[in-house]
Q: 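So that we are looking at the same thing, I have put the structure below in structure tokens.
Just so it is clear, the values below take in all heavy atoms, side chains as well, and ignore hydrogens, waters and symmetry mates.
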Amino acid sequence: MRALSLLFDPRGAIDRRTFWSGLLQLAVLGLAIDLGLARLGVDPALAALPVVGDAFVIGGLAGQVYGGTAPDVALTSALLIVAARYYVVACLMLKRSRHAGQGLRPTIAFGLVNLAVHGLMGLWAWGLYGEDMAVLVPMFADMAAGALVWAIFLGWLGSRRAWNPLPGTRVFRSAQVKPAS
């Protein structure tokens, strides 16, 4: 499967090895984007990293809400980078959950839990915003909670066996479903 269709096309199904390969490609891509933006001196470079980027965006949003100002270009571009990363993760999870016979449930659950964690940490950061360095505590807690959520969901989904429609028989190799061109 090509890298672009693997990462950006939600159609089809992928096995465990392809799922982990896609996550590795996403991590390498995020690191390359981070290094490229940091070399240019662009502020939202941290948004490209999986766990750190989410906390960076939540801290920035809390600061914008507390200050009562409209989001600036750096925060908006960081939001777009995080949204693109979540789209790729959703595509990978959707394909893998189809192959494991789970449907949409894991992808929706991952999205809702992640949104709840980041929302609660953002509210906590907003409540502490006038306290100088205390804002860092919710950002680090957001990183830890986000890493735990990612590890649980991705580890669980990545370890699921292929769905077998005929109980009592073994599935040795699953057929790859290729997306329509």
Q: Could you tell me how the ring of Y86 sits relative to the ring of W150: parallel (under 30°), tilted (30 to 60°) or perpendicular (over 60°)?
A: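 Plane angle between 30° and 60°, so tilted.
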
Q: Starting at CG of L29, measure out to CD1 of I33 and round the result to the nearest 0.5 Å.
A: 4.0 Å

Q: Do you know the tightest heavy-atom contact between G146 and V117?
A: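 For G146 and V117, the tightest heavy-atom pair comes out as N-CG1, 4.4 Å.
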
Q: Can you get from L154 to L148 by hopping between Ile, Leu, Val, Met, Phe, Trp and Tyr side chains that sit under 4.5 Å apart?
A: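 No, separate clusters.
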
Q: Write down the atom of L6, the atom of K95, and the distance for their closest heavy-atom approach.
A: O-NZ, 2.8 Å

Q: What is the minimum heavy-atom distance between S97 and G103, and which atoms define it?
A: OG-O, 2.7 Å

Q: Is Y87 linked to L26 within one hydrophobic cluster, defined over Ile, Leu, Val, Met, Phe, Trp and Tyr using a side-chain heavy-atom separation of less than 4.5 Å?
A: yes

Q: Step by step, would you call V137 with W124 a side chain to side chain contact (heavy atoms under 4.5 Å, CB included)?
A: CA-CA 9 Å; V137 174; W124 185 21; 3.6 Å; yes

Q: Can you give me the closest heavy-atom contact between S159 and R16, atom names plus distance?
A: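 Heavy atoms only, the tightest pair is O-NH1, 3.4 Å.
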
Q: Taking all non-hydrogen atoms of both residues, which atom of H99 and which atom of I14 are closest, and how far apart?
A: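 Shortest heavy-atom contact: CB-O, 3.0 Å.
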
Q: Is there a chain of hydrophobic side chains (I, L, V, M, F, W, Y, each step under 4.5 Å between heavy atoms) that links L104 to M93?
A: no

Q: Linking I/L/V/M/F/W/Y whenever their side-chain heavy atoms sit closer than 4.5 Å, directly or via other members, would L79 and L115 fall into one cluster?
A: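 Not linked; separate clusters.
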
Q: Do L94 and R98 have side-chain heavy atoms sitting under 4.5 Å apart?
A: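 Yes. Closest side-chain heavy atoms under 4.5 Å.
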
Q: If you group Ile, Leu, Val, Met, Phe, Trp and Tyr by side-chain heavy-atom gaps below 4.5 Å, do W156 and W20 land in one group?
A: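 Looking at the clustering, W20 is in the same group as W156.
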
Q: Assess whether side chain to side chain contact (heavy atoms under 4.5 Å, CB included) is satisfied between R96 and T18, documenting all intermediate values.
A: CA-CA 9 Å; R96 179 67 194 116; T18 309; over 6 Å; no

Q: Evaluate the side-chain proximity of I81 to L37: yes if any heavy-atom separation is below 4.5 Å, no if none is.
A: yes

Q: How long is the gap from CG on L92 to CZ on F8, to the nearest 0.5 Å?
A: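 One finds 9.5 Å between CG of L92 and CZ of F8.
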
Q: What's the verdict on side chain to side chain contact (heavy atoms under 4.5 Å, CB included) for L157 and F110, showing C-alpha distance, side-chain angles and the deciding distance?
A: CA-CA 10 Å; L157 189 59; F110 175 73; over 6 Å; no

